[in-house]
Novice: 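Mind looking over this structure? Questions follow.
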2 protein chains.
Amino acid sequence: MAIGSAFRSYKNTADVLKQAKRSYLDFNATAPLREQARAAALAAFECVGNPSSIHAEGRAARAIVEEARAAVAALAGVSPRGVVFTASGTEAANLVLTPAISTAHGAPPPARLIVSAGEHVCISKGHRFAPGLVEVAPLRGDGRVDLDALAAMLRRGGRAMLALQGANNETGIVQPVAEAAALAHAAGGLVVCDAVQLAGRMSCKASELGADFLILSAHKLGGPKGVGALVAASPEIAVAEPLLRGGGQERGARAGTENVAGIAGFGAAARAALAEMADEARRLGRLRDRLGAQISSVAPDAVVFGATVERLPNTLCFAIPGIRAETLVIALDLAGIAVSSGAACSSGKVARSPVLEAMRIEPDIAAGAIRLSLGWSSGEAEVAHFGEALAGIVFRTARGRVAA
Amino acid sequence: MAIGSAFRSYKNTADVLKQAKRSYLDFNATAPLREQARAAALAAFECVGNPSSIHAEGRAARAIVEEARAAVAALAGVSPRGVVFTASGTEAANLVLTPAISTAHGAPPPARLIVSAGEHVCISKGHRFAPGLVEVAPLRGDGRVDLDALAAMLRRGGRAMLALQGANNETGIVQPVAEAAALAHAAGGLVVCDAVQLAGRMSCKASELGADFLILSAHKLGGPKGVGALVAASPEIAVAEPLLRGGGQERGARAGTENVAGIAGFGAAARAALAEMADEARRLGRLRDRLGAQISSVAPDAVVFGATVERLPNTLCFAIPGIRAETLVIALDLAGIAVSSGAACSSGKVARSPVLEAMRIEPDIAAGAIRLSLGWSSGEAEVAHFGEALAGIVFRTARGRVAA
């Protein structure tokens, strides 16, 4: 099939999905629902009650929520009391990024927010910190936060909340959260870790990360879309001003009838992800390296971002000089393969990647950045499918014809 | 079974749910999931993509969301563009109760919020209006908002946002929204209608209600818990400042990956509820009147709240003098019947009902208020079960022994 005619029929989703074979390599955008999560959500659908109701149906719904809370708490290594369910990681970020943090020892609230230049847009907006109170900590060229620069920023100015992601959604680069947290705490600050991409792939225990708060999302680890959590590392610390007010749900931290089925699915996915994590990390790391080898074989000049530092075992972000990301995403989609160019959370718009910019990647190279991300349902077949498809596309384009 | 021993075993939810027969009469707290909603959510669970992704999987997820948006828009009689999905009615209320409203004709933003005294706690908090800018419009003794008092309040002071519920969650009393909206609009104001209890039971077309915004919740009409919507009556009006910021989802109005399965379930439930509404209103009204007759027969001095004005066809709120609500809720639960005392959204706490207080019901009577609420799965069997159980309880208590 020529690229031209393929482009003309691109909007016909139904036809594309009818292809004999689809390979989903976009787990960092969202993961397919795990069987355990589907079963838990289905069981919760059968439970009639509102968790706030005191009759038996209500108490049964409450029990489902609390069982899931314990599972999510175990993933984060905290007490279930530290878990506040939200509708997304984004909501958790909006909830926690506020000067209104209370601590048991009465520490003064943070006066400013420091975010790394690699944060997801749901963090970098700063939310309930006034725009003038948000500072950006630079990344080094390897994609990790510049700890020297961070230390200098922490020395200048008042008590800070530091928001540092566990791992980047585009590159998979793992941040030195524990080291950065030690710096922040030494300066009297607080640490929020967006662990959305880390969770279920590497340890996201709050104590190991040194974070005061973690942000989690169910659907990135095989739970349902539309559920997240804000996790407090200890009962000593909490958000003092809820974002959603109304009924007293979530111990007053977040009003609104609980998404019982979604929460049940989150709990089941968290339990499964935690149980399989070590084995899956090895398995996905091997598949990821196979993907990398295929890319190098087809395009020896391909650039892999973050290759020199620790990355999530499931993520590979690369660019082939001369092929633009949107061209490759569409051509791969037509060949049956779902991949992403940069973060997927921006309503399908293809924008320049802020994280690659922060890593000072040449714009021409960054414009070709494609993210491959694997997960529980990924296997050899998807890897082989990708390799064949990429070879065909690169061969057909001869690098110039599709480069637009 | 003596009430005493029953109380001792009350916390054993599993035993209670194993009863041969349970009758759920608490639809205003939450409705059992409709078959159509379950099927739609299940189908959506099979869809892997993130609606923000541009590949086929992403576009398929987007199509599910947009199909549901059209169904919810049809329920509210608006363009799909007017529907913003949220995680709850509460979130929709938190989103819309703000001075930051933009209109196509550039009207000045509302300077204050007027809420009726019967509003749900998720409205009466006022949210992004400063506490000093929230005024309470009184109810008449019959439970309807006092339109004369409202008109006087609208005359005094700046441009107002009026928040008036379609129907009260506890009493089912239907508010004169269209009349109140005409007054508010004549004074240059805006109207938000919490239609959470109205939707699917009576018409909640924005144009008939005269509302600029509607608040909806999926789970009250048989959709999943954890999904709601803010509905704008026309493309001319919108919330100018999102509450949840991050990615550009919901046309920038509400960030966070969409709850695709929940939204699909909402759409299916809205479609089913709208199709059945007229027939169901008649059927449930008859069942409700049978419940009322049973109560009068067992306790001729029982008080039914709102009996003199228009009520939702599915709701009956009553008190039997001398029997406290919490006592009756627990005794009925033990007899297999799920009912509620007052609003269920307050974490199971039994508090005095603000709406009955606003209606100037004697505290002794209000303390006995029980809400029965019916829906799609309710039938003769539940009504008969309730009648028998109530008779037994009232007989055993002899009014004094359980009255605590």
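Keep in mind that what you see is a predicted model, and the values were worked out from it rather than measured. Protein chains get the first letters and strands the later ones, always in sequence-line order, with residue 1 at the start of each. The figures that follow rest on heavy atoms only: side chains count, while hydrogens, waters and symmetry mates do not.
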Novice: Please classify the contact of A:N259 with chain B as side chain, backbone, both or neither, using a heavy-atom distance under 4.5 Å.
Specialist: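 Looking at A:N259, backbone and side chain both touch chain B.
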
Novice: Can any side-chain N or O of A:R22 pair as donor or acceptor with the backbone N or O of A:D333 at less than 3.5 Å?
Specialist: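 Pair found, side chain donor or acceptor close to backbone of A:D333.
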
Novice: Let me confirm one number: the CD-CG distance from B:E382 to B:L372, rounded to the nearest 0.5 Å.
Specialist: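 Answer for the CD-CG pair, B:E382 versus B:L372, is 12.5 Å.
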
Novice: Please classify the contact of A:A37 with chain B as side chain, backbone, both or neither, using a heavy-atom distance under 4.5 Å.
Specialist: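 Interface part for A:A37: neither.
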
Novice: Sort A:E91 into side chain, backbone, both or neither according to what part of it lies under 4.5 angstrom from a heavy atom of chain B.
Specialist: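 Both parts, backbone and side chain.
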
Novice: Can a salt bridge be assigned to the pair A:E250 and A:R69 using a cut-off of 4.0 Å between side-chain N and carboxylate O?
Specialist: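 Salt bridge flag = yes for A:R69 with A:E250.
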
Novice: Step by step, work out the side chain to side chain donor-acceptor pair (under 3.5 Å) result for A:D26 and B:H55.
Specialist: CA-CA 10 Å; A:D26 203 10; B:H55 46 60; 2.7 Å; yes

Novice: Counting heavy-atom pairs under 4.5 Å with chain A, which one of B:C122, B:P224, B:S124 comes out on top?
Specialist: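 If we count pairs closer than 4.5 Å to chain A, B:C122 comes out on top.
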
Novice: Sort out for me which of B:A338, B:P32, B:A41 touches chain A most, counting heavy-atom pairs under 4.5 Å.
Specialist: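 Of the options given, most contacts go to B:A338.
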
Novice: Quick one: which of A:T86, A:V339, A:L332 has the most heavy-atom pairs under 4.5 Å with chain B, could you say?
Specialist: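 Of the candidates given, the most pairs with chain B belong to A:V339.
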
Novice: Considering only heavy atoms and a distance below 4.5 Å, find which of B:A261, B:A255, B:G58 pairs most often with chain A.
Specialist: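 Top option by heavy-atom pairs under 4.5 Å: B:A255.
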
Novice: Which atoms of B:V227 are under 4.5 Å from chain A, going by heavy atoms: the side chain, the backbone, both sets, or neither?
Specialist: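 Neither; nothing under 4.5 Å.
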
Novice: Side chains of A:W376 and A:L221: does their closest heavy-atom pair fall under 4.5 Å?
Specialist: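 No; the side chains remain at least 4.5 Å from each other.
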
Novice: Give, as side chain, backbone, both or neither, the part of B:A218 having an atom under 4.5 angstrom from any heavy atom of chain A.
Specialist: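 Neither the backbone nor the side chain of B:A218 comes within 4.5 Å of chain A.
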
Novice: To the closest 0.5 Å, what do you measure between CG (A:D194) and CD1 (A:I215)?
Specialist: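 It is 5.0 Å, given to the nearest 0.5 Å.
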
Novice: So how far is it from A:F386 CZ to A:S378 OG, rounded to the nearest 0.5 Å?
Specialist: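 Here the rounded value is 12.5 Å.
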
Novice: For the atom pair CD (A:E35) and CZ (B:F45), what is the distance rounded to the nearest 0.5 Å?
Specialist: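 Spacing of CD (A:E35) from CZ (B:F45) equals 12.0 Å.
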
Novice: Hey, which of B:N94, B:T90, B:T30 has the most heavy atom pairs under 4.5 Å with chain A?
Specialist: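 Going by pairs under 4.5 Å, I would pick B:N94.
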
Novice: What residue, out of B:L244, B:L33, B:I123, has the most heavy-atom pairs lying under 4.5 Å from chain A?
Specialist: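 The candidate making the most pairs under 4.5 Å is B:L244.
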
Novice: Quick one: what part of B:L42 sits under 4.5 Å from any heavy atom of chain A, side chain, backbone, both or neither?
Specialist: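 Contact with chain A: side chain only.
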
Novice: Is chain A contacted by the side chain of B:R34, its backbone, both, or neither, given a heavy-atom distance below 4.5 Å?
Specialist: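 Neither part.
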
Novice: In terms of side-chain geometry, is the basic nitrogen of B:R59 or B:E66 positioned less than 4.0 Å from the acidic oxygen of its partner?
Specialist: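 Here B:R59 does not pair with B:E66 in a salt bridge, since their nearest N and O are not under 4.0 Å apart.
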
